[in-house]
Amino acid sequence: MKQILSFLAVLALISVASSVAAADCYADYKAKQDNPLRLHYGVMQVSACDKGKATQEVSQRLRGSGWTLLNVMSVFGPEGLGKRKTNAGQFYLRY
């Protein structure tokens, strides 16, 4: 019985740790609007540290505001936020 409880406790810790790690994922991207053409570079918090999944998420969120995703440049953790803040300007963690 103790082994089962220990196993369940370990599983619970793993699931909590993975959700906390997912909360610390960010993507930097390029997007555009047409008529007139507008471009922007931005940084967005995403739920998955996987470029493919982040691309889908970023695209959906931008589409809701009338932007078209051009590409996700990279997916990174909180250590990369500082060096991207200035370049992203008003699109830093906006969406």
Side-chain angles (χ1 to χ4, degrees):
M1 183 66 149
K2 287 183 181 180
Q3 290 177 337
I4 292 173
L5 290 176
S6 296
F7 180 72
L8 291 174
V10 169
L11 284 178
L13 287 174
I14 290 172
S15 68
V16 168
S18 66
S19 66
V20 168
D24 289 341
C25 294
Y26 302 88
D28 59 341
Y29 63 89
K30 292 181 182 177
K32 72 170 187 162
Q33 280 184 331
D34 292 322
N35 297 327
L37 179 63
R38 294 176 54 200
L39 302 170
H40 86 253
Y41 166 80
V43 175
M44 182 185 299
Q45 187 170 13
V46 293
S47 59
C49 289
D50 173 75
K51 192 171 181 180
K53 290 179 183 177
T55 298
Q56 292 174 352
E57 183 177 347
V58 171
S59 179
Q60 276 187 321
R61 287 164 62 182
L62 290 173
R63 192 176 315 126
S65 297
W67 290 93
T68 301
L69 177 67
L70 296 173
N71 70 325
V72 169
M73 299 170 61
S74 62
V75 178
F76 55 92
E79 69 282 348
L81 286 173
K83 64 183 179 182
R84 291 172 172 91
K85 186 174 184 174
T86 302
N87 290 337
Q90 68 178 354
F91 297 103
Y92 178 77
L93 301 179
R94 181 174 181 173
Y95 296 103

* **A48 to A54 - nearest heavy-atom pair and separation** => O-CB, 4.1 Å
* With the 4.5 Å side-chain cut-off for hydrophobic clustering, are Y95 and V75 part of the same group? -> yes
* Does the side chain of V43 reach to within under 4.5 Å of the side chain of F76, using non-hydrogen atoms? -> yes
* Side-chain heavy atoms of V46 within contact of V72, under 4.5 Å -> no
* Asked: About how many Å separate CE of M44 and CG of L93, when rounded to the nearest 0.5 Å?
  -> 9.5 Å
* Asked: Would Y29 and W67 satisfy ring pair (Phe, Tyr, Trp, His ring centres under 6.0 Å), going step by step from the backbone distance to the final call?
  -> CA-CA 12 Å; Y29 63 89; W67 290 93; 8.8 Å; no
* Structure fact -> The complete set of salt bridge (Lys or Arg N to Asp or Glu O under 4.0 Å) pairs with one or both residues in residues 27-46, sequence neighbours excluded, reads D28-R84, K32-D34
* Asked: Taking only residues two or more places apart in sequence or in another chain, which ones pass side-chain hydrogen bond (donor to acceptor under 3.5 Å, both in side chains) with Y92?
  -> none
* Closest contact, heavy atoms only, Y41 versus M73 -> CE1-SD, 3.7 Å
* **Shared hydrophobic cluster, L62 / L70 (ILVMFWY, side-chain heavy atoms < 4.5 Å)** => no
* Just grab all the salt bridge (Lys or Arg N to Asp or Glu O under 4.0 Å) pairs involving residues 53-72, residues at least two apart or on different chains. => E57-R61
* To do: Treat each ILVMFWY residue as a node, draw an edge where side-chain heavy atoms are under 4.5 Å apart, and state whether L69 and L39 are in one component.
  => no
* Within the side chain of S59, is there an N or O that forms a donor-acceptor pair under 3.5 Å with the backbone of T55? -> no
